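Computed from a predicted model, the values in this text were never measured in an experiment. Here is the naming used below: chain letters follow the sequence lines, and residue numbers restart at 1 for every chain.
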2 protein chains.
Amino acid sequence: MHVEKESGSTLSLGRNLTVGLLDHLGKAIVVGYYDNKVFPTEAVLAEQYNVSRSVTREAVKMLTAKGLLIARPRQGTVIQPTLQWNLLDKDVLRWLLERKFSLRLLRQFTELRVSVEPKAAELAAQNASYEDLQRMKLAFERMVRADGGDGDPTLADIDFHISILFASGNPFYYQFQELIRTALKTSIQFTTRINQATPNLEAHENIMKAIFDRDPKRAYAAMHLIVNDVLLVIHAQEEADKREL
Amino acid sequence: MHVEKESGSTLSLGRNLTVGLLDHLGKAIVVGYYDNKVFPTEAVLAEQYNVSRSVTREAVKMLTAKGLLIARPRQGTVIQPTLQWNLLDKDVLRWLLERKFSLRLLRQFTELRVSVEPKAAELAAQNASYEDLQRMKLAFERMVRADGGDGDPTLADIDFHISILFASGNPFYYQFQELIRTALKTSIQFTTRINQATPNLEAHENIMKAIFDRDPKRAYAAMHLIVNDVLLVIHAQEEADKREL
DNA sequence: TTTATCTTATTTATAATACAATATGAAGGA
DNA sequence: TCCTTCATATTGTATTATAAATAAGATAAA
């Protein structure tokens, strides 16, 4: 990451300076640009990016709110240890992916998916409202059409999985929306080379049927089958990569 | 020039005005104070809380970063739908609890724990380093001492559960630290009336043994047993409450 | 020497003010 | 009716000044 200094070559931060700076700094922190540097003071940041101190402070406050920074008088602004970062935050997640593709990161996403999604399906079988079920059905039909060449299969797949989070009736499950979105989008980057590119329609239909039948255990098992399969593929690839060394 | 203000009308925001305002507004939003009101403009907020616009804007930006607000020129600042809130954020979680005690909320916490903790234990059995194991052991010994009257049993219990998240080797699992902390602290508020106040030592020891034995399936099962038990107790109480109406 | 206290300098925290950009809705004209 | 224009409210950005906090160094006391 390269930071221009002269006022003439203004670093493009988009139309909203605060949000632009937030994004730029967030990415720089997450990809490790500051790893063996001290994080700049407000004054220096403002000068480097050619923005006012107000903008700088607001961006820093937002990064503080996401757990990436901490600021104290005289001590300056410093980067928090990774454990403090709000990894499930939409922005932080995006910045994580701006690093080079990492099978390890994809595996970690998927391990969490194996934790979360089967139980979400189980809860959905217990709690889904009529509207929830309709949304699921629509998403599935979209998957079928996409499978026939009409539309993007990944986007339809994402919608289907998210509709189940929503149907769980527990708002905490909905928090994994971004993680799942990110995981599925990242998956195709490598899964196409190894596995089938399109999602397994029959397996997905089994989940939906179980939820429609109000059968929690079957819904859990059907979802577990799908996500755990992805995990196994990733494990196999990790082993293969290891042997290649 | 610092203007002294009448002490009577000043709302106490603590030593740090921005953080104080963040906390006050966050709580107000989460408890529903603004539910049928329009959220005030920056100017009004600044006047109401007797702080500068800088402070107001910084607090609003932090709430924006946590998904609670969105601001646009001329349109004002508005509260985001609950689904957008970063519910796993430490602050948001705390604000959620500042509402009256809710068995429903505790159940939702616990449903997520059932999703997350068993798999974390499974991964810990696979990945825990020597240091991770030592930390777990120390936490367990602290639980034993607390059981004998020396120390706080809940705090020791919390440490034990968190040491397992940490030992999973997957940083995403560590994100649930605050949720588990909150859930366990909240649990005793009602669990003491119904169940045993102190955690089940033997069941916890089983988890630790399985992880030391590097037995993922046993670790998963042992953890599932504990957390699912909590969930069942909550379910029973919810049913009892329903009948009481 | 060691400890405690005071001083200084650096950085964030807060305030106040001015103007720019943006989006809403009303007014006016074709 | 529809389009354009303009007034207006609200956030966005810049600038400057001062306060508060604290780390580190200097000084004094034991």
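- Taking atom CZ of A/R72 as the reference point, atom P of D/dA19 lies 24 Å away to the nearest angstrom.
- With contacts defined as side-chain heavy-atom distances shorter than 4.5 Å, the pair A/F140/A/M136 does not qualify.
- With hydrogens and angles left out, the side chain of B/T18 and the base of C/dA13 share no donor-acceptor pair within 3.5 Å.
- Just one of A/D150, A/D157, A/D159 meets the side-chain hydrogen bond (donor to acceptor under 3.5 Å, both in side chains) condition when paired with A/R142; it is A/D159.
- Crowding of B/E47 atom CD: a count of heavy atoms from other residues, nucleotides or ligands under 6.0 Å not exceeding 12.
- Map A/A71 and A/R15 each onto its nearest nucleotide of DNA chain C; the residue landing nearer the 5' end is A/A71.
- Donor-acceptor pairing under 3.5 Å, judged by distance alone, is absent between the side chain of B/R74 and the base of C/dG25.
- If you measure from atom CZ of B/R53 to atom P of C/dC19, you get 14 Å, rounded to the nearest angstrom.
- Counting to the nearest Å, the P atom of C/dA15 and the CD atom of B/E47 are 14 Å from each other.
- A salt bridge between A/E58 and A/K61 is absent, with no side-chain N of the basic residue lying under 4.0 Å from a carboxylate O of the acidic one.
- B/S52 contributes no side-chain N or O that forms a donor-acceptor pair with the base of C/dA16 under 3.5 Å.
- The minimum heavy-atom distance linking A/N170 with B/E111 is given by the pair ND2-OE1, 2.9 Å.
- Both A/L17 and B/G76 lie near DNA chain D, and the one whose nearest nucleotide falls closer to the 5' end is B/G76.
- Residue A/L13 contributes atom CG, which lies 13 Å from atom C1' of D/dT13 at whole-angstrom precision.
- The phosphate of C/dT12 (OP1 or OP2) has no side-chain N or O of A/K61 nearer than 4.0 angstrom.
- Contact check, B/S54 against C/dA16: no side-chain N or O comes under 4.0 Å of OP1 or OP2.
- The interatomic distance linking A/I70 (CD1) with C/dT11 (C1') rounds to 15 Å, in whole Å.
- For the OP1/OP2 pair of D/dT11 and a distance below 4.0 Å, the side-chain nitrogens and oxygens of A/N16 include no atom meeting the criterion.
- Residue-level contact check: A/T41 touches the backbone only, with heavy atoms under 4.0 Å from sugar-phosphate atoms and none from bases.
- Note on B/Q75: a side-chain N or O is less than 4.0 Å away from OP1 or OP2 of C/dT24.
- The CG-C1' distance, from A/N50 to D/dT13, rounds to 12 Å in whole Å.
- Note: CD (A/E58) to P (C/dA13) measures 13 Å, nearest angstrom.
- Rounding to whole angstrom units, CG of residue B/L63 and P of D/dT11 are separated by 14 Å.
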